[in-house]
Amino acid sequence: MKRLDLVFSERELEPMLKSLEKSNVPGYTVTKHVTGRGPERVVSEDMEFTGLGANAHVIVFCEQELLGKIKENIQPLLNYYGGVAYVSEANQL
Amino acid sequence: MKRLDLVFSERELEPMLKSLEKSNVPGYTVTKHVTGRGPERVVSEDMEFTGLGANAHVIVFCEQELLGKIKENIQPLLNYYGGVAYVSEANQL
Amino acid sequence: MKRLDLVFSERELEPMLKSLEKSNVPGYTVTKHVTGRGPERVVSEDMEFTGLGANAHVIVFCEQELLGKIKENIQPLLNYYGGVAYVSEANQL
Amino acid sequence: MDTSLILQNVLTPPILFFFLGIIAVALRSDLEIPAPLPKLFSLYLLLAIGFKGGLELQKSGLGGPVLPTVTASIIMSLVIPLICFFILRIKLDVFNSAAIAAAYGSISAVTFITAESFLENQGVPFDGFMVAALAIMESPAIIVGLLLVKLAAPKERPAGRKMRWREILHESMLNGSVYLLLGSLFIGLLTAAFNPTGVEKMQPFTGKLFYGAECFFLLDMGIVAAQRLPSLRKAGSFLIGFAVFMPIFNAFIGVFVAKLLGLSPGNALLFMVLCASASYLAVPTAMRMTVPEAKSSYYISTTLGLTFPFNIVIGIPVYMGLVNRLIPVAS
Amino acid sequence: MDTSLILQNVLTPPILFFFLGIIAVALRSDLEIPAPLPKLFSLYLLLAIGFKGGLELQKSGLGGPVLPTVTASIIMSLVIPLICFFILRIKLDVFNSAAIAAAYGSISAVTFITAESFLENQGVPFDGFMVAALAIMESPAIIVGLLLVKLAAPKERPAGRKMRWREILHESMLNGSVYLLLGSLFIGLLTAAFNPTGVEKMQPFTGKLFYGAECFFLLDMGIVAAQRLPSLRKAGSFLIGFAVFMPIFNAFIGVFVAKLLGLSPGNALLFMVLCASASYLAVPTAMRMTVPEAKSSYYISTTLGLTFPFNIVIGIPVYMGLVNRLIPVAS
Amino acid sequence: MDTSLILQNVLTPPILFFFLGIIAVALRSDLEIPAPLPKLFSLYLLLAIGFKGGLELQKSGLGGPVLPTVTASIIMSLVIPLICFFILRIKLDVFNSAAIAAAYGSISAVTFITAESFLENQGVPFDGFMVAALAIMESPAIIVGLLLVKLAAPKERPAGRKMRWREILHESMLNGSVYLLLGSLFIGLLTAAFNPTGVEKMQPFTGKLFYGAECFFLLDMGIVAAQRLPSLRKAGSFLIGFAVFMPIFNAFIGVFVAKLLGLSPGNALLFMVLCASASYLAVPTAMRMTVPEAKSSYYISTTLGLTFPFNIVIGIPVYMGLVNRLIPVAS
Ligand SMILES: Nc1ncnc2c1ncn2[C@@H]1O[C@H](COP(=O)(O)O)[C@@H](O)[C@H]1O
Ligand SMILES: Nc1ncnc2c1ncn2[C@@H]1O[C@H](COP(=O)(O)O)[C@@H](O)[C@H]1O
Ligand SMILES: Nc1ncnc2c1ncn2[C@@H]1O[C@H](COP(=O)(O)O)[C@@H](O)[C@H]1O
Ligand code: NA
Ligand code: NA
Ligand code: NA
């Protein structure tokens, strides 16, 4: 199986989760209030207060086959608003 | 070495950590207030307020040998209350 | 590519991130208010209130080549204040 | 009908802020009250309700209508879940029926304080000792619910899911919100008895601030209740009907018991509200722990998504109409 | 110059706590007000401002200076972004210019309440209906900003970034802070009209507590503003100049419009402050959603890091000096 | 013995809520006050204590007993850690001894305000300037603690762990809670001097609300203190004895110094409480940063798990008994 890690702005959380559900993922886990920095932007905690929102970190454990469909569905969002997506190996305990 | 990722309801956090300690894990890291969805249930943020609790995400870095014992100790809890457990490869930096 | 997971006390977050930036990492993601236990110490939630601070969990996705430099820069901090660092495989989606 | 009472109820700040929360969700505004701020207000309200109830209980003592009312409340919280259970079993399995039944046997503190605000607004007097009834009704309903599972659940329940009595009692008596309410009641009682200046110094916090904090909290409750509605639709028309019919039915039983007890109109309304309201705090937590087979979306969305809004917006004034017809004003 | 007014302003608790926050960052103290506590205070302030504004609006009705003032406010929030846009285009691209322009056309509620505290301190009367102007100025500025992008942006904008009108209107009208302010205003209005006891019971929460909560919030604002300063330096001297010059310029337009409208000195100051202040809540959120090309560090650090401190510390007393010179006191 | 004073102290809301928290943990109730709510109350209390202290300091000036008392406080916060250090060295290494010694040389603001509430309850007058002593005693103790490490630590301490003087001073003076307390004191002073209406407008927030917020915070302190108890047991009987004996010993020194200074009974009690109480906010943070060799569980569980409860429940009334015997009432 695969583990997918997504990090992107909290404000895009709802459409992103809808995309994942459309891709029929078996489940996901969301951590909000995450901060960070990418090549261009810094996301700091005080942005929560202005309503800009910090980042969300989404983890999906799923079969390899789903990855193509997921990528197709979420790539436009990542391109438009920024964010990263990484895949690694994982197996059920 | 191995990395173990557990996600389950916050209300089971205490017994789960006790189980891990009984399995002699060298340590663990806990993120609370995590939300998500599994095949059947949705865990949303507003459940924290009713006291149902959101999810907890527990990470354990440990030797391969420990996994069997850990599984034995936590599987009953995961079966009873729900939750997921995934293993991947990891090495000390 | 590689995925680096760091867990250490929140109070060292600022110098740690500076170290990572000095190592030219392409980005990082930070989750604060994380708790846990290591071989000796327990970090519990009520420590936030005394100002001791809970832990921070930092994730870095980067090329293998950077790891040496990162290690060099952060090892002194981890030795002085405690904390763990693990590496695993990851690929861009 | 009591449209004028309904209108008077709707045009008060707590109910208006509740609507503001509902409309925010309906219009997809991004207004949110992030965790753990709702918890702050819910802890504050329980502490203040309990403390004020304790002060009043110390004044009134256990004489007069106090003991009979509290006893009747306990009986109601034992009987109502049984009635609910048999109705729910028409469509649902034992686990879900028992969990929902326990919720409706228990109470909602925010519904109760909304009723108190309503009475103050109407100039109808009521007694502080009713808070004791509120505090005492949570635990018995939970115990009945768990007992029903123990007795009626299929024998093939796996070993891991055997009821552990210690846990049951623990969950029903030491649940955070039950404990805080009872504890604050007790502290109020002691303070009133031994430290009158302490009572005065608490007044700005537990007294003056209360109404505004209630409004803020109801704003959040509006948001949460509205977010529950979609999963209510999934639960089906049987549960939707139950969530509106049951409070009315329980209020009816309540008003007759109140008449029997000879309660004043204000106290009678509060007693009805205790019967009619359903728990979305203590009971769900206990059920989640001990009956994982029950779907939490069922008991949360009925109590929080429908019964709660129904009671505070329409129920309270309608029940008041009943009181006005059936309960004579003491003279 | 108005150094005495500036000093009187600086020596009030809200401004002193603001400085305490700034100095904490400057000295690298680890004082922090962790999320979501600032949100609690910001929600509370919006709710209380709106509610109190609604009460006043109900008293004053829409007669007299009310409608003309509100109309003028809307016009200002349409005109100011246009002026800003053309100034900003000297150095910045369309996206950043439009986003910053929208922020300066909109308002800052905390600057407004600091001005109210200043007036109370000076014993200068003002009218509660000015809050209506405050509430109404957020949305038009956002719409102008997005319209500017739609019209002036390069044609080669990728398809995914096409403006969707529904989203634009949604972001401008149903943004959490706009919605809470308008909703509370409406609730205040209804409560004042139909439920006078409700008004009284809200008073300890929305009235008495306000000043202290404002101080606590300004302590946090001081920390946040000071943390923004480094990224302001990166933004360059053009934007630094803009962030100080523009509020003064807008205040000047404001004082003449106020004169035309025949506003009282207190109302004139508040009107100027609405023109001079820039939004760091509703507008950035809307821009982040709809114009991802604009750098959020630009519009946040100008408005929050410089314009906000400038206005509350120096701007308000300076504008008051202007009012004293240009606006006759009604007799 | 002073059982009647102890009982009078125990039967006040703050202490009762503290017990409610302790009992919640003992009975394994799931009552919790989630982060960062305790931080909200701790920030609020520091701000309010400081502000009120500043007002009083402005009234009293630096004449009379003020300067001598503050000077004596500084001396106590230098001497007490030295005494503690030599006692602790009997069983502990240099690092742990120095860290714990620093904590006991410093103060606990919540113990102080509990003592103030106690005095108010007893009708014993005291002076607001004692807050200045409170504010000034945190830093010197930290510096002594770090100096002890610098001088007494084994030479083979690795290079990375060399004391950096700049960090030491920074941690001792600019620690968030020290800074907020001192800053609010200064703001209170300025406000009282230049803006009397500001003082009045702060009163509902910093004054009226205080007692209730103190109760809420003590509920949480009860939970936290009780959670610390198990790790105290691990720390061993030497430290348990130290955590009870040391405050009594320090209170004794305190009462004689107070007599020498000619303090009034109320002020004498507060002075004793400053000597007897131990820091669980500023000092642990500083030690964690600069002496990572010391076990934080040692200095947290002694100060928070034992000395704090001992002082607020038993210590304060016992110290009052001493004051009643040794300090003459001014006439
Ligand atoms: N190399 C990286 N490793 C870990 N997290 C990253 C990395 N790059 C970006 N992120 C996270 O993804 C968020 C959005 O990235 P970006 O769109 O590049 O600004 C950042 O704020 C970080 O939290
Ligand atoms: N495939 C998955 N990937 C990531 N997280 C999951 C997955 N399935 C379940 N989870 C998480 O585990 C929690 C409990 O799962 P469940 O017991 O299946 O409801 C969910 O609320 C999710 O947070
Ligand atoms: N084996 C482990 N697995 C996961 N997290 C760990 C492990 N060991 C330590 N940690 C985390 O790292 C933090 C610091 O570790 P230490 O410095 O060993 O006390 C702990 O509080 C845990 O959150
Ligand atoms: Na009920
Ligand atoms: Na403006
Ligand atoms: Na001390």
Side-chain angles (χ1 to χ4, degrees), chain B residues 1-36 43 45 48-49 51 53-67 69-70 73-74 84-93, chain C residues 1-10 16 19-20 23 25 29-48 54-62 64-79 82-91:
Chain B
M1 288 188 75
K2 297 286 179 184
R3 169 203 175 107
L4 175 63
D5 281 278
L6 304 168
V7 186
F8 52 85
S9 170
E10 246 173 60
R11 297 208 39 107
E12 276 68 66
L13 185 55
E14 220 181 303
M16 195 65 98
L17 295 182
K18 281 215 184 104
S19 275
L20 290 175
E21 281 167 22
K22 242 180 38 194
S23 320
N24 288 321
V25 297
Y28 51 75
T29 294
V30 181
T31 313
K32 283 172 79 176
H33 313 298
V34 163
T35 56
V43 175
E45 223 169 321
E48 294 209 53
F49 140 79
N55 287 332
H57 178 191
V58 174
I59 303 173
V60 181
F61 295 105
C62 66
E63 298 298 335
Q64 160 111 45
E65 294 80 59
L66 276 179
L67 289 181
K69 202 165 164 196
I70 293 176
N73 281 333
I74 68 172
V84 296
Y86 285 90
V87 180
S88 35
E89 286 295 324
N91 292 298
Q92 222 155 347
L93 176 69
Chain C
M1 287 188 76
K2 296 287 179 184
R3 170 205 175 104
L4 176 62
D5 281 279
L6 304 168
V7 186
F8 51 86
S9 170
E10 246 173 60
M16 194 65 98
S19 275
L20 289 175
S23 319
V25 298
T29 294
V30 180
T31 312
K32 284 172 78 174
H33 313 298
V34 163
T35 56
R37 105 177 293 146
E40 288 166 44
R41 267 166 305 200
V42 181
V43 175
S44 61
E45 223 168 320
D46 52 352
M47 291 171 84
E48 294 208 53
N55 287 332
H57 178 190
V58 174
I59 303 173
V60 181
F61 295 104
C62 66
Q64 159 111 44
E65 293 80 61
L66 275 179
L67 289 180
K69 202 165 164 196
I70 292 176
K71 185 170 180 177
E72 200 175 285
N73 282 331
I74 68 173
Q75 201 70 57
L77 276 166
L78 292 177
N79 289 346
V84 297
Y86 285 90
V87 181
S88 34
E89 285 297 322
N91 292 299

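Since the model is a prediction, treat every value here as computed from it, not as a measurement. Reminder, nothing fancy here: chain letters follow the sequence lines and each chain counts from 1.
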Atom pairs, donor to acceptor, chain B/chain C, distance under 3.5 Å:
residue	atom	partner	partner atom	Å
B/R3	NH1	C/D5	OD1	3.4
B/R3	NH1	C/D5	OD2	2.8
B/E21	OE1	C/R37	NH1	3.4
B/E21	OE2	C/R37	NH1	2.5
B/Y28	N	C/R37	O	2.9
B/Y28	O	C/R37	N	2.9
B/V30	N	C/T35	O	2.7
B/V30	O	C/T35	N	2.9
B/K32	NZ	C/E45	OE1	3.2
B/N91	N	C/V87	O	2.7
B/N91	O	C/V87	N	2.6
B/L93	N	C/A85	O	3.0
B/L93	O	C/K71	NZ	3.2

- prompt: Considering residues at least two apart in sequence or located in another chain, which fulfil the side-chain contact (heavy atoms from CB on, under 4.5 Å) criterion with B/P26?
  reply: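 If we apply the side-chain contact (heavy atoms from CB on, under 4.5 Å) test to B/P26, skipping adjacent residues, the hits are B/C62, B/L66.
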
Region of B/I59 in contact with chain C, defined by heavy-atom distances below 4.5 Å: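 Contact with chain C: side chain only.
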
query: Which bit of C/L4 comes within less than 4.5 Å of chain B, counting heavy atoms only: side chain, backbone, both or neither?
result: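 The side chain, not the backbone.
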
message: Less than 4.5 Å to any heavy atom of chain B: does that hold for the side chain of C/I74, its backbone, both, or neither?
response: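 For C/I74, the side chain is the part near chain B, not the backbone.
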
query: Are the side chains of C/V34 and B/V30 in touch, meaning some heavy atoms are under 4.5 Å apart?
result: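 No, every pair of side-chain atoms sits at 4.5 Å or beyond.
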
